[in-house]
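Following: one structure in structure tokens, then a few remarks.
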Number of protein chains: 2
Amino acid sequence: MAHITTSVEYGIHGLLWLVGNDGKALSSREIAEIQGISPSFLAKIFPKLEKAGIVAASEGVRGGYRLGRAADEITFLQIVDAIEGEKPLFDCQEVRERCALFTGGVPGWATSGTCAIHAVMKQAEKAMRDALAAQTLGEVASRFSRKAPESFFADFKEWADERQTTRTARTGRPVRDGPS
Amino acid sequence: MAHITTSVEYGIHGLLWLVGNDGKALSSREIAEIQGISPSFLAKIFPKLEKAGIVAASEGVRGGYRLGRAADEITFLQIVDAIEGEKPLFDCQEVRERCALFTGGVPGWATSGTCAIHAVMKQAEKAMRDALAAQTLGEVASRFSRKAPESFFADFKEWADERQTTRTARTGRPVRDGPS
DNA sequence: TAAACGCAGACTAAGTTAGTCCTCGTTAAT
DNA sequence: ATTAACGAGGACTAACTTAGTCTGCGTTTA
């Protein structure tokens, strides 16, 4: 399995739908359903985005998620860190402290500063993080907009509107018709 | 756990000892022992480096490992790929194919080219790999040499020489003294 | 011929990931 | 006032990965 998880993938896909929804809220179930992924799994991802301020949640019956700030101010790095929690690329085991030549105590020169190998890994991690920080949700969304036909967005609006009405229409009917 | 494993860490530390051993072979047990790590675990790492040509193995009683080429021509990326096997940073699940708006077949424009999210991740992965490819074993070894005192290398040579003699001195004595 | 090697595979324990399910408090519409 | 839709959170599971051990095999040198 890869280091950037499918949770991040689902999260970003979900966020892209919010970008295209004109500031209106979508519930986590709707976001999951329109993408064909597990609703209960997505429901564990969005609270993390909420804690990071990437989305704003509204509770209750017509609640859901909106973007917490402008799509241009949400970077991929922020999303990855929000969902995965800033796990380092490399976890230095400090092998240099275990060298058998150091009988009776590790000398200062050996442990001063960062381990040379760790330094290389940190540099590589920074390169990756910089690349992720250079991409925003807004840019990717508009890249997608240029690719998709206008009918697609019309279909989405229609789908969202229908959801908006049917989810209130279901209310107030206590389902007592089956095994009673 | 991190994406760059401790196997890579142990492998690089081991290779650095080979750099400082003047082309002479060290057995995997010696490399493990001088670093205070598990011999049996290290014994699983070095065959991977051998397959990649990073080290050359010699079998038999005085065998062991040497560098397969000049330390300046061994990059960190090569080592990581040799040990971990080129695992991608991100494994695209092709969520775009599951969109619920695509009733009855996914349109061509949606699946043509690389997924926009995947493209960002690939870019980040490339940045990381480029950083790893820019660092060689030789550079890190000489960086370490400037830090360590001359006495350290003298200690190492002494240790290696003693190993060289004692491991043949043990030969030829069938140990039959215990429970017989 | 024995011991020191590299090599390969089976095995285990712990941790992570993807995913499900259930309960709770909140909110809007009836 | 209920009811059902919502977010939030925790317990739980199955599959996979990682770190590490152990055993057996073929090779090589003394």
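Protein chains get the first letters and strands the later ones, always in sequence-line order, with residue 1 at the start of each.
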Inset, instruction - Starting from C1' on D:dA4, measure out to CD on A:Glu30 and report it in whole angstrom. - result: 15 Å
Inset, instruction - Classify the angle between the aromatic ring planes of B:Phe144 and B:Phe152 as parallel (below 30°), tilted (30 to 60°) or perpendicular (above 60°). - result: perpendicular
Inset, instruction - For A:Lys126, look at atom NZ and say whether over 12 heavy atoms of other residues, nucleotides or ligands are found less than 6.0 Å away. - result: no
Legend entry - Nearest-Å distance for atom pair CZ/C1', residues A:Arg163 and D:dC6: 14 Å
Legend entry - Backbone of A:Gly64 reached by a side-chain donor or acceptor of A:Ser58 within 3.5 Å: yes
Legend entry - Terminal helix-axis angle for the helix from C:dT1-D:dA30 to C:dT30-D:dA1, with five pairs defining each axis and rounding to 10 degrees: 0°
Legend entry - Atom pair distance, as rounded to whole Å: CD in B:Gln93 and P in C:dG19: 7 Å
Inset, instruction - May I ask you to verify if any side-chain N or O of A:Lys87 is less than 4.0 angstrom from the OP1 or OP2 atom of C:dT17? - result: yes
Legend entry - Toward the 5' end of DNA chain D, by each residue's nearest nucleotide, B:Gly60 or A:Ser28: A:Ser28
Inset, instruction - Figure out the CG/C1' separation between A:Leu42 and C:dT20, and round it to whole Å. - result: 14 Å
Legend entry - Given C:dA3, C:dG6, D:dG7, the nucleotide with the shortest approach to the side chain of B:Glu59: C:dG6
Inset, instruction - Can you measure from CE (A:Met121) to CD1 (B:Ile12) and round to the nearest 0.5 angstrom? - result: 4.0 Å
Legend entry - Pair B:Glu94 + B:Arg96, salt bridge at N-O below 4.0 Å: yes
Legend entry - Short side-chain N/O contact to C:dG19 OP1/OP2 from A:Tyr10, under 4.0 Å: yes
Inset, instruction - Report yes if a side-chain nitrogen or oxygen of B:Ser40 is closer than 4.0 Å to either non-bridging phosphate oxygen (OP1 or OP2) of D:dG20; otherwise report no. - result: no
Inset, instruction - Mind checking the CG-CD1 spacing from B:Leu18 to B:Ile31? Nearest 0.5 Å is all I need. - result: 4.5 Å
Inset, instruction - To the nearest Å, give me how far apart CZ (B:Phe41) and C1' (D:dT21) are. - result: 11 Å
Inset, instruction - Figure out the CG/C1' separation between B:Leu26 and C:dC5, and round it to whole Å. - result: 13 Å
Inset, instruction - Look at A:Arg62 and C:dA29 and indicate whether a side-chain polar atom (N or O) is within less than 4.0 Å of OP1 or OP2. - result: yes
Inset, instruction - Mind listing the residues from residues 46-56 of chain B sitting with a heavy atom below 4.0 Å of DNA chain C? Number order is fine. - result: B:Pro47, B:Glu50, B:Lys51
Legend entry - Polar side chain donor-acceptor pair, B:Thr111 to B:Glu97, under 3.5 angstrom: no
Legend entry - Selection from D:dT18, C:dT27, D:dG10 that lies nearest to any side-chain heavy atom of A:Lys44: D:dG10
Inset, instruction - Would you mind reading off the distance between A:Glu9 atom CD and C:dT17 atom C1', rounded to a whole angstrom? - result: 14 Å
Inset, instruction - In sequence, state the C-alpha distance, the side-chain angles, and the governing distance for B:Phe46 and B:Tyr10, and then conclude on ring pair (Phe, Tyr, Trp, His ring centres under 6.0 Å). - result: CA-CA 10 Å; B:Phe46 269 75; B:Tyr10 292 169; over 10 Å; no
Inset, instruction - Go through D:dA8, C:dA18, C:dA28 for me and flag the one nearest to the A:Val61 side chain. - result: C:dA28
Inset, instruction - Decide, yes or no, whether a salt bridge links B:Lys157 with B:Asp161 under the criterion of side-chain N to carboxylate O below 4.0 Å. - result: no
Inset, instruction - Kindly say whether B:Ser112 contributes a backbone atom to a donor-acceptor pair with the side chain of A:Lys147 at under 3.5 angstrom? - result: yes
Inset, instruction - Look at the side-chain N and O atoms of B:Ser38 and state whether any lies under 4.0 Å from the OP1 or OP2 oxygen of D:dT21. - result: yes
Legend entry - Length of the line joining A:Glu84:CD and C:dT16:C1', which is rounded to integer Å: 11 Å
Legend entry - B:Ser7 side-chain N/O to D:dA19 phosphate OP1/OP2 under 4.0 Å: yes
Legend entry - Phosphate-side-chain proximity, B:Tyr65 and C:dC7, N/O vs OP1/OP2 below 4.0 Å: yes
